[in-house]
Protein chains: 2
Amino acid sequence: MRIWSRVWEIRTGQDSQAMKETERPHERHAIAADLIAVLVAVTNGQPSVLTIQQASALPSGPFELSHRSLQSGLRDWVEQQTGHPLGYIEQLYTFADRDRTGGERTQRVISISYLGLTREDQADSSKKSGWRSWYDYFPWEDHRAGPPSILSEVLAPRLRLWADEADDMETRRDRWQRASIAFGLDDRGWNEEFVLQRYELLFEAALVEEALRGRKSSNAQLIAGRSMIADHRRILATGIARLRTKIKYRPVVFELMPPVFTLLQLQRAVEALAGLLVHKQNFRRLIEQQDLVEETGETTSDTGGRPAKLFRFRHAVLAEQTVAGTKLPLSRA
Amino acid sequence: MRIWSRVWEIRTGQDSQAMKETERPHERHAIAADLIAVLVAVTNGQPSVLTIQQASALPSGPFELSHRSLQSGLRDWVEQQTGHPLGYIEQLYTFADRDRTGGERTQRVISISYLGLTREDQADSSKKSGWRSWYDYFPWEDHRAGPPSILSEVLAPRLRLWADEADDMETRRDRWQRASIAFGLDDRGWNEEFVLQRYELLFEAALVEEALRGRKSSNAQLIAGRSMIADHRRILATGIARLRTKIKYRPVVFELMPPVFTLLQLQRAVEALAGLLVHKQNFRRLIEQQDLVEETGETTSDTGGRPAKLFRFRHAVLAEQTVAGTKLPLSRA
DNA sequence: CCCTATTATGCTCGAAGTGAGTATAAGATA
DNA sequence: TATCTTATACTCACTTCGAGCATAATAGGG
């Protein structure tokens, strides 16, 4: 940290002599940068994520000088793979913890992760890579058929044990409070957005495989979903959380839909992402009053009952959208 | 891009032979990483940002191997400077465009920016660095006294010119549409969250100094606020936008407040950040119904009229907060 | 001491938004 | 044709939210 404070003083102009010294880029430690993609599609009502290495890792690769920018690098790359323009990319988070890779290397790797959305049909075309339901990794996150049994039968009791095994009272209370908030226990409601908090809590409580890696003791109590290499599962959790938040205030779901769809299909996609069921009639009202879609004039009777009107996304809204999510009591004066 | 596609195939397990090759970290191009801080305080009803180099740059410094993580590195560093724990840090964005630094260097610099919030009184103590109203850099962003004159008198006409100077009709329409949305022209409402879009639009229209740097022609039409080195002003815009969004759904304003405050002081802080006035009575209602504060029992008459009750932030809410901002028609079944 | 300016605080009202449910329509299929 | 299934329209109670009115409690000037 000594270095830092020197740099600070330098940068604040206290010592412009020394500045030139540290400004020489070659004296900095070499750092490598990786790009990691959380690529999402919705296939058969399941939210899928693109994986590699037998579904144990997210696609990732080094960031090279040849790339114009982080985003364009990722974009070019993904487009080559899927053979179509990627509709939506968004930066997720940058990680750089020293022991990220788990190895003994002293070289530092910075991982810049992105969230990408793609269409179901286009997703199918790339057979090289494996699409996998993200609930394979987070089985406790799917509440579409009610709270999953793993929650009450496994996770809740284990978390209780973990809380109780703390030495002091305060820690016990703190642990249980965090757990009950994150998982909606003790009659607190389930909040589908807390994906990352939940995963990190399970990690802290050593209830996911990733948490046991350093240790020798085969504490083999591990449970809770398929794991991934390094911290890829955490990155996936970050992506899911971001997406679950975002579908509520930006029309991003449409990036996952085919050009033409019924309102129920749209609803199913939202439900797949949120891991929750929504009220059908109110969902329609919400979509229509925002002018997000327009009728194509066609209908489909593939749905079983009464034929459903087909809709397409009104791309114009993206231009109109002054979607201000105001929660402040603003003054119009 | 050829490299990328190879890497992809390798990573997807198509060619594990080649994998070992590219996995050697030393073969990667050296990349340097910088940390950049947008440190915000509210001083005298003005939202201030910590700057260096005669207010022309944000504090920044290299990320070193000695740092445990990005966040802890930044935190340690800031704490050393301000002499107190930093209440709130949040990662903003990671930039890596090739010509970020504007130089001819081939070395790539990745900049990881953070948003930090600190208290007014504590901010004052660090005299080394300069606090500066962020409206010095974005004069068009302060609408507390109504729409600033620069908007209608300078920016709107200039943006109109810029739109009209496009060759084809479609571009003209597109430019003006984007401008009018971003700046709330043509009776579209002003949206205080569009800070970054506005700055980037001005950049694109070459109405900020930063946009003219590459060019020799002293197109000296430049206007619109104090500039900063490199892309620091863009990073600042990113930070402001993030903060303006966040104060609406997370109680982060309190990080900027002294331990005890009146509701009007709190309101003024929010207004300073949002650049907008809020309805006083409704603001109180909003704060109180969320149980964000509790009375200290004391009052102060420093305010001019009737003495105001003093409040403190209820830290307990941070634990309780199941603040789900649901916009989905959820089913309770 | 009263009047006035100033800020604080309480309360009401109407419009819009939202959760939940009822009712009806339009196909497929037995 | 009866029944099942999904689609779609409409209602209703309740909450939220923008806006404004009214009252309270000080300071300061005449």
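Note that these values count all heavy atoms, side chains included, but never hydrogens, waters or copies made by symmetry. Predicted model, so just to flag it, every value in this text is computed and none were measured. So that the names make sense, note that chain A is the first sequence line, chain B the second, and so on, each numbered from 1.
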To the nearest angstrom, how far is [X] atom [atom1] from [N] atom [atom2]?
{"X": "B/Phe283", "N": "D/dG18", "atom1": "CZ", "atom2": "P", "value": "13 Å"}
{"X": "A/Ile287", "N": "C/dT18", "atom1": "CD1", "atom2": "P", "value": "12 Å"}
{"X": "A/His279", "N": "C/dT22", "atom1": "NE2", "atom2": "C1'", "value": "10 Å"}

Toward the 5' end of DNA chain D, which comes first, A/Asn282 or B/Ser301, by nearest nucleotide? A/Asn282
Could you go through A/Arg242 and A/Glu193, starting from their C-alpha distance and side-chain angles, then the distance that decides it, and tell me whether this counts as salt bridge (charged side-chain N to carboxylate O under 4.0 Å, His left out)? CA-CA 8 Å; A/Arg242 176 81 124 259; A/Glu193 294 184 16; over 6 Å; no
State whether A/Lys309 and A/Glu295 are salt-bridged, where the test is any N-O pair (Lys NZ or Arg NE/NH1/NH2 against Asp/Glu carboxylate O) under 4.0 Å. yes
Before accepting this row, confirm whether a basic side-chain N of the pair B/Asp186/B/Arg188 lies closer than 4.0 Å to the acidic partner's carboxylate O. no
Working to the nearest 0.5 Å, report the span between CD of A/Glu141 and CZ of A/Phe183. 7.5 Å
Please work out which of the three classes, parallel, tilted or perpendicular, describes the rings of B/Phe254 and B/Phe261, given edges at 30° and 60°. tilted
Pairwise N/O distances under 3.5 Å, protein to nucleotides 7-10 of chain C:
from	atom 1	to	atom 2	distance (Å)
C/dT7	O4'	B/Gly305	N	3.3
C/dT7	O2	B/Arg306	N	3.3
C/dA8	OP2	B/Lys280	NZ	2.6
C/dA8	N3	B/Arg306	NH1	3.3
C/dT9	OP1	B/Lys309	N	2.9
C/dT9	OP2	B/Arg284	NH1	3.0
C/dT9	OP2	B/Arg284	NH2	3.1
C/dT9	O5'	B/Arg284	NH2	3.0
C/dG10	O6	B/Gln281	NE2	3.3

Assess whether one donor atom and one acceptor atom, taken from the side chain of A/Arg285 and the base of C/dG17, lie less than 3.5 Å apart. no
Cation-pi check for B/Trp190 against B/Arg198: NZ or CZ below 6.0 Å from the six-membered ring centre and within 45 degrees of the axis, yes or no? yes
